[in-house]
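A short write-up of the structure that comes next.
Values in this document were obtained by computation on a predicted structure and should not be read as measured data. Heavy-atom basis, side chains included; hydrogens, waters and symmetry copies ignored. Each chain gets a letter, A, B and so on, in the order its sequence line appears, and its residues count up from 1.
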2 protein chains.
Amino acid sequence: MTIVAAVAEDQLSQVFAALADPVRRDLVARLADGDATVTELSAPYDISLQAVSKHLKVLGAAGLVSRTKEAQRRPVHLEADVFQLATVWLERYRRRAEERYARLDDVLAELTDAPPTDPAPPTTTEKESS
Amino acid sequence: MTIVAAVAEDQLSQVFAALADPVRRDLVARLADGDATVTELSAPYDISLQAVSKHLKVLGAAGLVSRTKEAQRRPVHLEADVFQLATVWLERYRRRAEERYARLDDVLAELTDAPPTDPAPPTTTEKESS
DNA sequence: TCTGTATTCAACCAATCAGTTGTGTAGAGG
DNA sequence: CCTCTACACAACTGATTGGTTGAATACAGA
């Protein structure tokens with residue numbers, strides 16, 4: 001279980017890191033409309049083809065794209081499944097935060113609470129990070 | 001519109017980059033359960049408090065957290081809204097890719113199509129990146 | 001006022017990253 | 001066979017990043 005979680009953690013890092021670059025997001029956006037080769041993908045940018053190839057390698061390492069050998073060209077294919085990994089993570093904590101925000105007692109605590117003797121009731125006591 | 005889009009693009013980059021780090025994701029996970037101070041947040045890690053402060057700065061720049069001045073401590077608060085920015089982007093292209101995958105003619109095209117004279121109809125012709 | 005606590009700022013360092021250019025390799029076509 | 005095309009690999013460079021330590025700032029309490 002720990003190993004699985006660690007691997008997932010690592011892939012999550014790679015997915016987010018991959019999508020942190022505007023060029024790579026643009027590549028993903030274009031690949032969502034259909035597979036394409038490196039040369040086709042690199043055409044719109046003024047960076048070198050090798051640079052785009054590197055970007056695709058990053059996306060590939062994150063599991064966001066796959067390559068298929070087809071003659072001498074290697075079309076890039078978007079793997080939509082991996083997106084859910086990130087979405088699930090995001091939604092999980094967004095929902096948690098919003099739930100907490102919705103609870104009135106917590107809201108009131110944030111508004112009225114500021115006792116120097118009792119610093120922060122909600123967080124310090126429990127910790128259940130990863 | 002272009003400026004707005006550019007800003008959004010930039011924030012999206014920052015959000016994804018912020019979440020690409022496991023420590024920062026862990027911080028977010030813990031902040032989802034409630035606000036906390038830097039000292040509290042840094043406790044579980046064996047890195048310095050200053051390092052955690054830096055991480056929070058990154059999260060803050062991405063708009064994922066906010067700080068409120070409260071005496072000499074500055075509790076960190078998770079901003080759940082920004083999560084949707086990322087989620088919307090992810091879902092947009094995941095859905096696009098899956099729609100395309102579901103259409104049978106496209107699937108067939110991928111299987112039977114491989115004409116060297118006509119490289120790739122779907123992508124090269126149009127571009128609507130940023 | 002002096003002290004302790006909470007936090008940031010600044011300078012530094014090693015590692016990673018995005019880009020480059022140059023070279024190598026695999027397959028299709030003359 | 002030779003050449004073009006499509007791509008990957010390797011080495012280099014400048015910028016960014018995650019970490020450190022040391023000092024500065026802000027405020028609460030004795």
In whole angstrom, give the distance that lies between atom [atom1] of [X] and atom [atom2] of [N].
X: Asp21(A); N: dT16(C); atom1: CG; atom2: P; answer: 18 Å
X: Leu19(A); N: dA18(C); atom1: CG; atom2: P; answer: 12 Å
X: Arg74(B); N: dT5(C); atom1: CZ; atom2: P; answer: 16 Å
X: Lys57(A); N: dG19(C); atom1: NZ; atom2: C1'; answer: 15 Å
X: Ile47(A); N: dC17(C); atom1: CD1; atom2: P; answer: 16 Å
X: Phe16(A); N: dC17(C); atom1: CZ; atom2: P; answer: 17 Å
X: Arg73(A); N: dA28(C); atom1: CZ; atom2: P; answer: 9 Å

Could you tell me whether the side chains of Arg73(B) and Thr39(B) share a donor-acceptor contact shorter than 3.5 Å?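 No - no donor-acceptor pair under 3.5 Å links their side chains.
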
Which residues pass the side-chain contact (heavy atoms from CB on, under 4.5 Å) test with Ala80(B), not counting sequence neighbours?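 Arg94(A), Ala97(A), Glu98(A).
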
Enumerate donor-acceptor pairs with a distance under 3.5 Å from any side-chain N or O in residues 51-67 of chain B to protein atoms, sequence neighbours excluded.
unit_1, atom_1, unit_2, atom_2, d
His55(B), ND1, Arg24(B), NH1, 3.2
Ser66(B), OG, Glu79(B), OE2, 2.8
Arg67(B), NE, Arg74(B), O, 3.2
Arg67(B), NH2, Arg74(B), O, 2.9

All N/O contacts under 3.5 Å from nucleotides 21-23 of chain C to the protein, with atom names and distances to one decimal?
unit_1, atom_1, unit_2, atom_2, d
dG22(C), O6, Gln50(A), NE2, 2.9

Mind listing the closest non-hydrogen atom pair of [X] and [Y] along with its distance?
X: Phe83(A); Y: Val28(A); value: CZ-CG1, 3.5 Å
X: Val23(A); Y: Tyr45(A); value: O-OH, 3.9 Å
X: Leu49(A); Y: Ser42(A); value: CD1-OG, 3.7 Å

5' precedence on DNA chain C between Lys54(B) and Thr39(B) (nearest-nucleotide basis):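 Looking at DNA chain C, the more 5' nearest nucleotide goes with Thr39(B).
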
[X] side-chain proximity, nearest of [options]:
X: Leu49(B); options: dA8(D), dT8(C), dG18(D); result: dT8(C)
X: Thr37(B); options: dT7(C), dA11(D), dA11(C); result: dT7(C)
X: Arg24(B); options: dT7(C), dA18(C), dG18(D); result: dG18(D)
X: Arg67(B); options: dT7(C), dC9(C), dG19(C); result: dT7(C)
X: Ser53(A); options: dG19(D), dA8(D), dG19(C); result: dA8(D)

Can we say Arg30(A) and Glu40(A) salt-bridge, meaning some charged N sits less than 4.0 Å from an Asp/Glu carboxylate O?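 Between Glu40(A) and Arg30(A) there is no salt bridge, as every charged N stays at least 4.0 Å from the carboxylate O atoms.
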
